[in-house]
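Notes follow once the structure below has been shown.
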Amino acid sequence: FIDLLRVDVPVQRRPLHAAKTALQSQEIKDRLKEEVDNALRIGIFGSPHVIIDGEAFFGAARDTTVGRRRPIGRAALGVLSLVSIKLWLPPALPAENDHGPDSSWDNMRTVLRSRAMWLFALMFFGYDFVIWGMSSWVPSYLHDERGIALSSASLLLIPATVVAAVTTVIGGRISDRLAGNSRVVVVPSMLACIVMLVSIPFVSNTALFVVLVTLGSASASFAFMPCFALPLRSLPSSVVGAASSMIIFGGMVAGIVAPLVFGFIVDHLSWSAAFVSLALGPVVAIVAVMAAPQIGERRVGKECLRLCR
């Protein structure tokens with residue numbers, strides 16, 4: 001039904017007035033009659049009524065039936081994950097007496113007072129700003145600007161997801177070898193990401209566009225684990241959970257902000273400007289990592305223990 005309202009009306013008019021104008025046009029009336037005739041022809045007689053693979057699903061009580069095959073597959077993956085955890089996850093390490101805070105609230109207050117932890121959260125915000133912006137809007141861009149079906153557009157993002165997962169692991173391995181010196185990983189990877197983001201909107205070839213999106217996601221994902229490397233290596237075990245949640249909070253904020261900013265820029269400027277705006281994420285990550293501590297594990301641990309007492 002939304003397709004029926006996609007007519008050329010002045011932008012400055014109010015939405016309800018625009019909808020009323022559209023519905024009164026002969027083009028929309030003819031389209032509505034055509035859609036109703038098609039619905040009657042295939043046996044639709046009420047709402048909600050969905051046809052999937054030739055099988056009819058009618059009524060709110062049947063909503064859970066629609067798409068049931070996919071949830072069954074997801075449930076099977078969940079069971080497989082649970083079995084894998086039970087069979088192969090190593091036992092928990094013995095607790096260590098690291099003189100950290102005694103309560104979870106004390107843990108949170110400890111990390112909230114830490115300037116360094118806010119910088120690591122800001123680094124993760126920068127990483128997720130790119131990932132959330134692209135994953136939220138690239139399918140819509142491919143559909144609206146390049147005429148690719150949303151299902152096909154989503155499939156085109158699979159390489160970006162797979163490669164990003166690989167580079168996340170590689171970034172973690174490099175962070176281990178560098179003993180938490182995150183600048184060595186974050187700065188070059190985010191600079192490469194900026195280059196990809198600025199180049200994306202000026203590519204006319206769809207295959208090359210997908211390649212640039214994949215490389216942009218991959219370069220940004222190198223910075224995933226460095227956001228956690230130094231805190232996890234250096235903080236007492238009693239505050240690691242609170243510290244990790246604080247870093248993840250930065251990414252969650254990016255998940256709210258990035259799609260909104262991207263959509264606002266698309267509405268008021270252009271798709272090209274929106275893609276370029278994602279470069280804000282790498283810039284924030286670079287500024288944060290340059291200000292964050294890059295000191296050895298032992299010294300960071302001593303400072304944290306002093307803060308926790």
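Keep in mind that the numbers below use all heavy atoms, side chains included, and drop hydrogens, waters and symmetry copies.
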Practice item. Examine L122 and M225 and state if one hydrophobic cluster contains both, with Ile, Leu, Val, Met, Phe, Trp and Tyr joined whenever side-chain heavy atoms are less than 4.5 Å apart. Key: no
Study note, to complete from the structure: Tightest non-hydrogen contact, residues L155 and P159, listed as O-CD, 3.7 Å
Practice item. Look at the side-chain heavy atoms of Ile, Leu, Val, Met, Phe, Trp and Tyr, link any pair under 4.5 Å apart, and say whether I247 and I286 land in one connected group. Key: yes
Study note, to complete from the structure: Here the gap from I131 atom CD1 to S136 atom OG, rounded to the nearest 0.5 Å, amounts to 10.5 Å
Point to revise | Side-chain heavy-atom pair P282, L197 within 4.5 angstrom cut-off | key: yes
Point to revise | Heavy-atom donor-acceptor pair, H268 side chain to F264 backbone, under 3.5 Å | key: yes
Point to revise | Whether W271 side chain and P201 backbone form a donor-acceptor pair below 3.5 Å | key: no
Check your understanding: What heavy-atom pair brings L156 and V210 nearest, and what distance separates the two atoms?
Key -> O-CG1, 3.5 Å
Practice item. Look up atom SG in C227 and atom OH in Y127, then write down how far apart they are to the nearest 0.5 Å. Key: 8.5 Å
**Study point:** Which atom of S219 lies closest to which atom of S189, heavy atoms considered
**Key:** O-CB, 3.1 Å
**Study point:** Pairwise side-chain contact, W118 with M246, heavy-atom cut-off 4.5 Å (strictly under)
**Key:** yes
Review point. Any link between W137 and V130 through a network of hydrophobic side chains (Ile, Leu, Val, Met, Phe, Trp, Tyr) touching at under 4.5 Å?
Key: yes
Exercise for review: Verify, without hydrogens or angle tests, whether T161 (side chain) and L157 (backbone) share a donor-acceptor contact under 3.5 angstrom.
Suggested key: yes
Exercise for review: Kindly indicate whether the side chain of S199, heavy atoms from C-beta on, has any atom under 4.5 Å from the side chain of V195.
Suggested key: yes
Exercise for review: Before giving the answer on ring-ring contact (aromatic ring centres under 6.0 Å, His included), spell out for F249 and F124 the whole-Å C-alpha distance, their side-chain angles and the decisive distance to 0.1 Å.
Suggested key: CA-CA 9 Å; F249 172 76; F124 201 62; over 10 Å; no
**Study point:** Connected via hydrophobic side-chain network under 4.5 Å: L119 and V283
**Key:** no
Point to revise | Main-chain N/O of I148 paired to S152 side chain as donor or acceptor, under 3.5 Å | key: no
**Study point:** Listed once per pair and sorted, the ring-ring contact (aromatic ring centres under 6.0 Å, His included) pairs that draw on residues 147-177, sequence neighbours left out
**Key:** none
Study note, to complete from the structure: In this structure, CZ of R146 is separated from CZ of F209 (nearest 0.5 Å) by 5.5 Å
Check your understanding: When rounded to the nearest 0.5 angstrom, what is the spacing between CG in N38 and CD in E34?
Key -> 5.5 Å
Study note, to complete from the structure: One should read off an interatomic distance between L278 CG and M134 CE, to the nearest 0.5 angstrom, of 7.0 Å
Practice item. State, yes or no, whether a side-chain contact exists between F125 and V284 at a heavy-atom distance under 4.5 Å. Key: yes
Revision key, fill the gap. Rounded to the nearest 0.5 Å, the OG1 atom of T214 sits from the CD1 atom of I158 at a distance of 11.0 Å
Check your understanding: Is it the case that one hydrophobic cluster holds both L280 and M190, taking links as side-chain heavy atoms less than 4.5 Å apart, direct or via other members?
Key -> no
Exercise for review: Identify the heavy atoms of V186 and P226 that sit nearest to each other, and give their distance.
Suggested key: CG2-CB, 3.8 Å
Review point. Do E27 and R31 sit within salt-bridge range, that is, some charged N less than 4.0 Å from a carboxylate O?
Key: no
**Study point:** Check: M290 and V187 side chains under 4.5 Å, non-hydrogen atoms
**Key:** yes
Revision key, fill the gap. Closest non-hydrogen contact found for P259 with I256 is CD-O, 3.7 Å
Review point. After noting the C-alpha distance and the side-chain angles of S182 and M123, does the key distance pass the side chain to side chain contact (heavy atoms under 4.5 Å, CB included) rule?
Key: CA-CA 10 Å; S182 51; M123 287 169 53; 4.1 Å; yes
Practice item. Indicate the ring-plane relationship of F275 and F262, choosing parallel, tilted or perpendicular according to the 30° and 60° boundaries. Key: perpendicular
Practice item. Write down the atom of R183, the atom of V289, and the distance for their closest heavy-atom approach. Key: NE-O, 3.1 Å
